[in-house]
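Reviewing the structure listed below.
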Amino acid sequence: MEKITAIKGIKDILPGDAPLWNHIETVARQTFVLFGYKEIRLPIMEKTELFKRSIGETTDIVEKEMYTFQDRDDDFITLRPEATAGVIRAYIEHNMHAYETTTKLFTIGPMFRRERPQKGRFRQFHQINVETFGEDKAQCDAEVIFMLVHFLQATRIYDFSLEINSLGCKKCRPAFSQNVIKHLKGAETRLCPNCQRRIKTNPLRVFDCKTDSCRAIINDAPEVLQFLCVECERHFSEVKSSLNDLSIQYKINPRMVRGLDYYIRTAFEVTSGALGAQNAIAGGGRYDGLVSFLGGPEVAGIGFAIGMERLIACLPDKAEITFPADLFIAALGDQAQKKAFVFANQLRRAGIAVEMTYTEKSLKAQMKMADRMKSAFTLIIGEEEIKNNIAQLRNMHTKKQDALPLDKLTEMLIDIIKKKGSD
RNA sequence: GUGGGUGUAGCUCAAUUGGUCAGAGUGCCGGGUUGUGGCCCCGGAGGUUGAGGGUUCAAGUCCCUUCACUCACCCCA
């Protein structure tokens, strides 16, 4: 038979890695709760319309990267390419703004984009998302960024750089865009073919271009920060001073533009040199106006997403987390096997990790198994032991072996093993 | 969607210019110890060299096609 493989760009998280993923998620939950955030679990599918409206019809994500299909009753459904849209949908749908003035949420789960896979980029990838609604003050921006930095450090990632920028608002951004376009058009012939195209599709993207000729042109292009209106200007300087108050290191990158249409004012990105071309571990920004644009109340919003695959790729030491067995039960003969089977499951119920084998094997083979599982103890029950109503408990490190009476075995084992665990 | 790189045992990799080249290490199973693990020694299983076609007396090796993986562009977490 021909074997069936996983879909391109969609990876299994194998048992060797799963504990690490769990650990990261645990750290995230612990961290965010300290800041008053609550977890929300969301569906991975939404109506296509939601993403079209929030992310923007002309973005790459919506135009060519979404997994969209027609449901049986004609509705179009999409596997979420990002989380913010779904969080906002739920926020509106459940009238969450009515319960508290600011709502702080986080969610963890898979996202889907049909891109060509490469290092740090997958078709199914996982994000940790944080969203805050109902707060437009600069302190909020700074606190969200602080929390992100704190979280990364809590996972023991220290080697990253934080860049921030202000993208202006509906009032001031258009003037900036016009100016950029004008500047680029003036130098159009010297731009790379890609960027010549970008003038029409997404002029701000030229700022990200890596070719030297484009860089030169960008260097004397106007910067967003010069075009900020008074309010945006003040907001941004408050963000910066708040970050300073919190001792957060950051770099202002006036050329940073974010991919999604809805970002306004503060935008930020965390990158790492350890990642290759896809070097962003996390990114986010403010999106005041998006909630009402999706049919909800007029509330401010800010959030960020962390790419879990990328975060894990940055982890300095990825020592595998293992869960060695407390006890291996080696049985010899039918009678012993039956007893071992019952003991094993009684002990598990008492919170002890027990392993054994169901197929008959030599004692040597079973000892090998115990060793491979890094079991602290091995309990040997053979025909002789059954005859004498005992079992041999072997400490695998000291090689010391003691006979324990069968009728008190469970209690004694619990005692010995739990005591050892608390040493 | 476009380009580059790579496909040999479960895993990591060998195999001079096409000519016993289908191997090693590791892992797995078993034995050395008729009931005692790690180290050591010995043995065994496991591959139509990604697939298909072509050139040749002869192809893992050369050519074409295709698939997969991978990196990069694009874009983004």
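Hydrogens, waters and symmetry mates are skipped; everything else that's a heavy atom, side chains included, is used. First the proteins, then the strands, lettered A, B, ... as listed; each starts at 1. Keep in mind that this is a model prediction, so the values were computed, not measured.
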Which value, in whole Å, describes the distance between the P atoms of nucleotides U26(B) and G60(B)?
28 Å
Any N or O donor-acceptor pair linking the side chain of K399(A) to the base of G38(B) at under 3.5 Å?
yes
Residue pairs fulfilling side-chain hydrogen bond (donor to acceptor under 3.5 Å, both in side chains) with at least one residue in residues 355-376 of chain A, sequence neighbours excluded:
T357(A)-T359(A)
According to a strict under-4.0 Å criterion, is R372(A) in side-chain N/O contact with OP1 or OP2 of C29(B)?
yes
Check each residue of residues 104-118 of chain A for a non-hydrogen atom within less than 4.0 Å of any atom in RNA chain B, then write out the ones that pass by number, or none.
R113(A), E115(A), R116(A), Q118(A)
Check the angle between the aromatic planes of F151(A) and F32(A) and answer parallel, tilted or perpendicular using the 30° and 60° thresholds.
tilted
Determine the contact category for G276(A): base if any of its heavy atoms lies under 4.0 Å from a base atom, sugar-phosphate if only primed atoms, P, OP1 or OP2 are that close, otherwise nothing.
sugar-phosphate
Between C73(B) (P) and K119(A) (NZ): distance, integer Å
13 Å
Using a 4.0 Å heavy-atom cut-off to protein, can you give one letter per nucleotide of nucleotides 30-35 of chain B, 5' to 3': B if the base is in contact, S if only the sugar-phosphate is, - if neither?
--B--B
Proximity to the side chain of A305(A) - top-ranked nucleotide from C69(B), A77(B), C74(B)
A77(B)
Checking T31(A) against Y37(A): is there a side-chain donor and acceptor pair closer than 3.5 Å?
no
Provide the distance between the two C1' atoms, one in U55(B) and one in U8(B), to the nearest whole Å.
22 Å
Residues D334(A) and K338(A) bridged, charged N to O under 4.0 Å
no
Could you say whether I7(A) or L275(A) is positioned toward the 5' end of RNA chain B, judged by the nucleotide with the nearest heavy atom to each?
I7(A)
Closest non-hydrogen atom pair, L363(A) against A330(A):
CD1-CB, 3.9 Å
Distance, rounded to the nearest Å, where R123(A) contributes CZ and U70(B) contributes C1':
14 Å
Would the distance check show the side chain of R265(A) and the main-chain N or O of G285(A) forming a donor-acceptor pair, the cut-off being under 3.5 Å?
no
C1' atoms of G1(B) and A58(B), separation to the nearest Å
42 Å
For F133(A), all residues meeting ring-ring contact (aromatic ring centres under 6.0 Å, His included), sequence neighbours excluded
Y91(A)
Smallest separation among heavy atoms of A391(A) and L409(A), with atom names
CB-CD2, 4.2 Å
Distance, C1' atom - from C75(B) to C62(B), rounded to whole angstrom:
39 Å
Quick one: L311(A) CG to A77(B) C1', roughly how many Å, whole number?
10 Å
In dot-bracket notation, what is the pairing pattern of RNA chain B, taking Watson-Crick (N1-N3 plus N6-O4 or O6-N4) and G-U wobble (N1-O2 and O6-N3) contacts under 3.5 Å, with [ ] crossing and | for other strands?
(((((((..((((.....[...)))).(((((.......))))).....(((((..]....))))))))))))....
Are T102(A) and E135(A) linked by a side-chain donor-acceptor pair shorter than 3.5 Å?
no
Euclidean distance, atom CD of residue Q366(A) to atom P of G38(B) [Å, nearest integer]
15 Å
What residues, two or more places apart in sequence or in another chain, satisfy side-chain contact (heavy atoms from CB on, under 4.5 Å) together with N22(A)?
E25(A)
Expressed as a whole number of Å, how far does the P atom of U2(B) sit from that of U66(B)?
12 Å
In terms of heavy-atom contacts, Q278(A) and G120(A) come closest through CB-O, 4.2 Å
Distance check: side-chain N/O of K64(A) vs OP1/OP2 of C75(B), anything under 4.0 Å?
no
Could you tell me the separation between the CE atom of M396(A) and the P atom of C39(B), rounded to a whole number of Å?
12 Å
Roughly how far apart, to the nearest Å, are G43(B) and G23(B) at atom P?
15 Å
Tell me what K11(A) touches on the nucleic acid: a base, only sugar-phosphate, or nothing, going by heavy atoms under 4.0 Å.
sugar-phosphate
Just wondering, do R89(A) and K47(A) contact through their side chains at under 4.5 Å, heavy atoms?
no
Nearest nucleotide by nearest heavy atom, which residue falls closer to the 5' end of RNA chain B, G9(A) or G307(A)?
G9(A)
Rounded distance [0.5 Å steps], CG in L393(A) versus CG in L327(A)
6.5 Å
Look at all strands and tell whether F122(A) reaches a base, only sugar-phosphate, or nothing, counting heavy atoms closer than 4.0 Å.
base
Measure the distance from CG on N279(A) to P on A72(B) and round it to the nearest whole Å.
10 Å
Heavy-atom side-chain contact between E269(A) and S161(A) under 4.5 Å
no
Integer-rounded Å distance: A77(B) C1' and W21(A) CH2:
11 Å
How far does the P atom of A68(B) sit from the matching atom of C29(B), given to the nearest Å?
34 Å
Describe the nucleic acid contact of A280(A) in one word from base, sugar-phosphate, nothing, applying a heavy-atom distance below 4.0 Å.
sugar-phosphate
Separation of the C1' atoms in A15(B) and A9(B), to the nearest angstrom
15 Å
Can you check the R121(A) CZ to U70(B) C1' distance for me, whole Å?
13 Å
